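Numbering starts at 1 and runs along the sequence shown. As the structure is a computational prediction, the values presented were derived from the model and not from experiment.
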Amino acid sequence: MNGQSAIIPAASRPALISVRPRDAASLLLVDRSGREPRILMGKRHMRHVFMPGKFVFPGGRTEAADGRVPASAELSPQDQANLLTDMGSRSSLQRCRALALSAIRETYEEAGLFLGRRHLETVSLSHPDWSAFVERKILPDLSVLRYFARATTPPGGSRRFDTRFFLAFRDAVADALPEATGGPSQELEELCWLPFPEAARLDIPEITRTIIRDAEAVLAENPALEPGNSVVRYRKKYGRFVREVF
């Protein structure tokens, strides 16, 4: 090149992949039984294409069918309103429910924990992903969830997620699989309950570390997790990453 910069024709430059982000949800489950609160984290298997070997919260993709699953109690009006904010043209109450319910479903699938309430009558949940709740006569409980953060994977990758993050206390767990087995999906290994500062020092993506700090701030201001907290959103806007609070 004789020290000169090569100019690549625009037609030859690799274009960013245009992938619409998929709805996803994640749950930060907080154990407040000890001297300091601890959150549940798990390590993703190395075989995963997306974030292999990284520590994450239980969570995953939201399915439309999740929104039709009955619950023992619904989202608080404040959390529902926060979810509806900035949903755009696809805004709906069923989508709000689907996001919250998928956080509960993924927590069972990845960590073996059932967030909900037991019912004496037979629980009617026709979706196969919820069959374990039916067997235990447990209905998911949305009222225990606090929506507090949202993060969208930036453009350019083949996998993009628009993830809503929820907080809940471990007290809301109605039942659990044996701790050694984890969840039936076996997507997470090394499940552990860690104080917030220790969790932030794990091998985690920077956005995960940021969400941990946001969750800690919410708990410091609202230790009982009463409805009405603000929500923070992270996304790329006008070519740069921005943090918005609403």
What residues, two or more places apart in sequence or in another chain, satisfy salt bridge (Lys or Arg N to Asp or Glu O under 4.0 Å) together with [X]?
| X | answer |
| --- | --- |
| E74 | R97 |
| K236 | none |
| D214 | R243 |

Only pairs under 3.5 Å count here: list side-chain donor-acceptor contacts from residues 218-227, not counting sequence neighbours, and write none if there are none.
unit_1, atom_1, unit_2, atom_2, d
N222, OD1, L225, N, 3.3
N222, OD1, E226, N, 3.0
N222, ND2, E226, O, 2.7

Checklist entry - For V242, what residues pass the side chain to side chain contact (heavy atoms under 4.5 Å, CB included) criterion, not counting sequence neighbours? => result R235, K237, R240, E244
Examine distances only and state if a side-chain atom of [X] and a backbone atom of [Y] form a donor-acceptor pair shorter than 3.5 Å.
| X | Y | value |
| --- | --- | --- |
| S91 | G88 | no |
| S26 | P58 | yes |
| E189 | Q186 | no |

Item to check | Nearest heavy-atom neighbours spanning A174 and R118 | outcome: O-NH2, 3.7 Å
Roughly how far, to the nearest 0.5 Å, is [atom2] of [Y] from [atom1] of [X]?
| X | Y | atom1 | atom2 | result |
| --- | --- | --- | --- | --- |
| S143 | D79 | OG | CG | 9.5 Å |
| M87 | L93 | CE | CG | 9.0 Å |
| Q78 | R146 | CD | CZ | 7.5 Å |

Item to check | Single-linkage hydrophobic cluster, 4.5 Å side-chain cutoff, F241 and F246 together | outcome: no
Item to check | Contacts of type ring pair (Phe, Tyr, Trp, His ring centres under 6.0 Å), residue F133, not counting sequence neighbours | outcome: Y108, F114, W130
Next on the checklist: Side chains of P140 and V69, heavy atoms from C-beta outward: is any pair under 4.5 Å?
Outcome noted: yes
Test: [X] and [Y] ion pair at under 4.0 Å:
| X | Y | result |
| --- | --- | --- |
| D203 | K54 | yes |
| R201 | E198 | no |
| D162 | R164 | yes |

Checklist entry - Just one of L29, I212, L27 clears the side chain to side chain contact (heavy atoms under 4.5 Å, CB included) bar with I39, so which one? => result I212
Next on the checklist: Testing L40, L188, T208 one by one against F57 for a side chain to side chain contact (heavy atoms under 4.5 Å, CB included), which residue passes?
Outcome noted: T208
Item to check | Cation-aromatic face contact R22/F161, 6.0 Å, 45 degrees | outcome: no
Checklist entry - Can a donor-acceptor pair be found between the side chains of T85 and N82 at a distance below 3.5 Å? => result no
Item to check | E36/R38 under salt bridge (charged side-chain N to carboxylate O under 4.0 Å, His left out): CA gap, chis, key distance, verdict | outcome: CA-CA 7 Å; E36 58 181 326; R38 299 178 299 157; over 6 Å; no
Next on the checklist: Other residues, nucleotides and ligands only: do more than 12 of their heavy atoms fall within 6.0 Å of CZ on R209?
Outcome noted: yes
